[in-house]
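Only heavy atoms go into these numbers, but all of them, side chains included; no hydrogens, no water, no symmetry mates.
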Amino acid sequence: HIQGKEVFIVDDNALLACFEQGNSEALIHELAQLKPLHAVFRDNGFVSDAVKINVEQVFRQVSPGTDVKSI
């Protein structure tokens, strides 16, 4: 668990997945610091649309090599 959210990390950061709801920008920053190859989030799992929009920007700045998807 990271910041109280269940986060799955597979194969030494090859894949990071978080399907919880209420994901904050602080959590996104912390996850980006892990520099996973792929990050997957629940499409409606963010506290606001602004946080959802910022996810790709945060990863682009902190971990530009990460492929980010919301499903």
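Distance CG/Leu37 to CG/Asn13: 8.0 Å, rounded to 0.5 Å.
Side-chain atoms of His38 and Lys69, non-hydrogen and from C-beta on, never get closer than 4.5 Å to each other. Using a 4.5 Å heavy-atom cutoff, the side chains of Ile9 and Leu34 are in contact. At least one side-chain heavy atom of Ile28 sits less than 4.5 Å from a side-chain heavy atom of Phe46. Using a 4.5 Å heavy-atom cutoff, the side chains of Val7 and Leu16 are in contact. Using a 4.5 Å heavy-atom threshold, the side chains of Leu31 and Ile2 count as touching.
Summarising the geometry of Gln61 relative to Pro64, their closest heavy-atom pair is O-CD, 4.3 Å, with the distance given to 0.1 Å. Summarising the geometry of Leu27 relative to Gln3, their closest heavy-atom pair is N-OE1, 3.4 Å, with the distance given to 0.1 Å. Residues Val47 and Ser24 come closest through the heavy atom pair CG2-CA, 4.2 Å. The minimum heavy-atom distance between Lys35 and Val62, with the atom names listed, is NZ-O, 2.8 Å. Nearest approach of Ser63 to Pro36, heavy atoms of both residues: OG-O, 4.2 Å. Nearest approach of Lys5 to Glu20, heavy atoms of both residues: CD-CB, 3.8 Å.
Remark: Asp43 engages Lys52, Ser70 in a side-chain contact (heavy atoms from CB on, under 4.5 Å) (not counting sequence neighbours). The side-chain hydrogen bond (donor to acceptor under 3.5 Å, both in side chains) check on Glu56 picks up nothing, with sequence neighbours excluded.
Each of Asp67, Ile71, Val68 was checked for a side chain to side chain contact (heavy atoms under 4.5 Å, CB included) with Val40, and the lone residue meeting it is Ile71.
The stretch residues 3-36 participates, sequence neighbours left out, in no ring pair (Phe, Tyr, Trp, His ring centres under 6.0 Å) pair at all.
In the hydrophobic clustering of ILVMFWY residues, with side-chain heavy atoms under 4.5 Å counting as a link, Phe59 and Leu15 come out apart.
More than 12 heavy atoms of other shown residues, nucleotides or ligands fall within 6.0 angstrom of atom CG in Asn44.
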